[in-house]
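The structure appears below as structure tokens.
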Protein chains: 2
Amino acid sequence: MIYLGIIEDQPTIREALTGYLCAQPEFSCVLSAASVEEFLAAVPTMIHRPTLILSDIGLPGLSGIEGLAPLRHLLPQAEVVMLSVYTDAQRVFDSLRAGAVGYLEKDTPLPVLKDNLLQVAAGGSPMSPGIARHVIRYFQSPPRPALEPLTPREQDIVRGIEDGLSYQRIADRLFLSIDTVRSHIRQVYRKLQVNSKAELLARGYRR
Amino acid sequence: MIYLGIIEDQPTIREALTGYLCAQPEFSCVLSAASVEEFLAAVPTMIHRPTLILSDIGLPGLSGIEGLAPLRHLLPQAEVVMLSVYTDAQRVFDSLRAGAVGYLEKDTPLPVLKDNLLQVAAGGSPMSPGIARHVIRYFQSPPRPALEPLTPREQDIVRGIEDGLSYQRIADRLFLSIDTVRSHIRQVYRKLQVNSKAELLARGYRR
DNA sequence: GTTATTTTCACATCTTTATGCTATACCCCA
DNA sequence: TGGGGTATAGCATAAAGATGTGAAAATAAC
């Protein structure tokens with residue numbers, strides 16, 4: 001049995017959600033609130049704590065994203081799925097970073113919504129198609145301006161720098177003299193067109 | 001109409017896939033091969049080029065992941081969805097980085113597989129539940145060991161470091177003396193428990 | 001088998017960073 | 001009204017990094 005909590009400020013939508021989801025045998029609605037604050041206030045009085053929370057983003061007071069931190073703090077075992085009209089990458093990333101396990105568009109048909117929520121219990125992370133595409137794009141690194149390729153050894157060196165090591169430590173790790181490390185780094189800087197560790201790291205050549 | 005290509009080395013599975021998917025009115029199967037090499041070789045002779053490719057990962061010769069680069073080069077307009085028994089985060093990330101738009105587990109029921117593939121045309125990125133969870137986790141940075149918060153000014157300084165600037169340049173940007181920058185950096189290093197720019201950047205405090 | 005690239009190392013020099021100690025001015029607040 | 005915390009600044013020193021020049025050995029490429 002999934003103990004479901006719902007946070008949604010618009011009464012019409014909230015009632016539609018509770019009306020449908022709470023009627024499903026898989027769910028037990030334990031709490032439905034119009035704001036994160038209201039939700040948090042009600043939690044201590046409850047017998048069954050929610051294990052799955054469906055939260056809007058555009059809320060009065062704390063936004064759904066801002067609310068994630070206190071929610072997860074108060075209910076560490078609960079998983080939160082965002083339900084929002086917003087589909088922009090920024091809100092999606094912010095939500096996921098703040099701990100949401102899924103992100104669904106508000107126009108998701110109720111039966112689909114139900115399926116998606118059940119996926120969470122199965123270890124899934126439901127996302128509406130367009131949302132998923134944002135997330136995928138994040139991995140597909142923006143085409144870099146075609147830099148000279150690094151030799152394997154140079155990549156070893158870069159890895160060392162990316163790990164925050166000093167020249168000496170890199171030398172130790174690769175069993176080289178510090179002068180050799182210097183040599184390689186000079187080459188790397190030339191190829192990647194930077195001239196300090198900081199710049200190299202700032203440009204994020206990590207993969 | 002979706003022009004579908006399939007790459008799968010096991011004849012049984014390949015036939016099951018083609019048998020089911022090609023019978024669907026939404027798809028037109030244009031090519032089915034047992035390896036990336038075979039697939040690539042066949043492309044030039046075709047009238048209708050595939051717009052959607054379903055590719056296995058464990059293939060003889062080029063793996064499905066290695067095959068992504070040449071596939072995308074030869075068929076830039078095609079989208080590739082991986083279909084694999086492997087569910088490890090490494091292969092998932094490698095696939096997405098190499099340009100796959102979706103990742104499905106091999107035990108996905110055929111009707112579900114069909115739905116997922118149709119999602120791609122709608123701009124979606126289908127992922128099996130467990131796969132999606134890997135991806136989500138990537139965003140949920142491992143809980144940092146509760147660091148002392150930085151003051152606004154200190155954050156300015158950190159931003160400068162993250163942009164790859166030297167002390168002098170940070171000072172110029174913020175209209176400070178270089179010694180002031182040093183002072184702030186000292187505080188930052190203490191709070192974040194690092195002792196070099198490289199370490200700070202390596203730990204990735206950027207957001 | 002010669003050529004080119006990569007990998008390795010050395011020494012010198014100058015710049016940037018890291019770190020310690022000190023000090024003034026400002027603001028909040030108890 | 002005096003004590004935290006923040007922001008500013010200076011000086012000094014040691015460590016780490018950046019850059020130039022040069023060169024030998026190992027590998028790969030042709």
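Just so we're clear, the structure is a prediction, and the values are computed from it rather than from any experiment. Proteins come first, then strands; the chains are lettered A, B, ... in the order of their sequence lines, and each starts at number 1.
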Looking only at the side chain of [X] (C-beta and beyond, no hydrogens), which of the listed nucleotides [options] gets closest?
X      : options               : result
A:N195 : D:dT19, C:dT7, D:dA7  : D:dT19
B:P152 : D:dA7, C:dT19, D:dT19 : D:dA7
B:T180 : D:dT8, D:dT19, D:dG10 : D:dT8

Inset, instruction - Please map the stems of DNA chain D, keeping only stretches of three or more Watson-Crick or G-U wobble pairs with both distances under 3.5 angstrom. - result: C:1-30 with D:1-30
Legend entry - Residue met sooner reading DNA chain D from 5', once B:E154 and B:A198 are mapped to nucleotides: B:E154
Atom [atom1] of [X] and atom [atom2] of [Y]: how far apart are they, to the nearest 0.5 Å?
X      : Y      : atom1 : atom2 : value
B:S35  : B:E8   : OG    : CD    : 11.5 Å
A:K191 : A:H184 : NZ    : NE2   : 10.5 Å
B:F93  : A:F139 : CZ    : CZ    : 4.5 Å
A:N116 : A:L54  : CG    : CG    : 10.0 Å
A:M82  : A:E105 : CE    : CD    : 14.0 Å

Inset, instruction - Pick base, sugar-phosphate or nothing for B:R186, based on heavy-atom distances below 4.0 Å to the nucleic acid. - result: base
Inset, instruction - Pick base, sugar-phosphate or nothing for B:S183, based on heavy-atom distances below 4.0 Å to the nucleic acid. - result: base
Can you tell me if the side-chain N/O atoms of [X] get under 4.0 Å from OP1 or OP2 in [N]?
X      : N      : answer
B:Y189 : C:dA18 : yes
A:T151 : C:dT5  : no
A:H184 : C:dT8  : yes

Measure the distance from [atom1] on [X] to [atom2] on [N] and round it to the nearest whole Å.
X      : N      : atom1 : atom2 : value
B:D156 : D:dT8  : CG    : P     : 9 Å
B:R190 : C:dT17 : CZ    : P     : 21 Å
A:Q187 : D:dT21 : CD    : P     : 14 Å
A:I157 : C:dC9  : CD1   : C1'   : 13 Å

Legend entry - Short side-chain to backbone donor-acceptor contact, B:E66 and B:L62, under 3.5 Å: no
Legend entry - Nearest atoms (heavy-atom pairs only) where B:F27 meets B:L52: CE2-CD2, 4.4 Å
Under 4.0 Å between a side-chain nitrogen and a carboxylate oxygen: does that hold for [X] and [Y]?
X      : Y      : value
A:E79  : B:R133 : yes
A:R169 : A:D163 : no
A:E199 : B:K197 : no

Inset, instruction - Decide whether a cation-pi geometry holds between B:R91 and B:Y86; the criteria are a distance under 6.0 Å from NZ or CZ to the six-membered ring centre and an angle within 45° of the ring axis. - result: yes
Inset, instruction - Using heavy atoms and a sub-4.0 Å distance, could you list which residues of residues 168-178 of chain B are near DNA chain C? By number, please. - result: none
Could you list the protein-to-nucleotides 12-16 of chain C atom pairs, N/O on both sides, closer than 3.5 Å?
none

Inset, instruction - Could you verify whether a donor N or O on one side chain and an acceptor N or O on the other, from B:D172 and B:Q168, lie under 3.5 Å apart? - result: yes
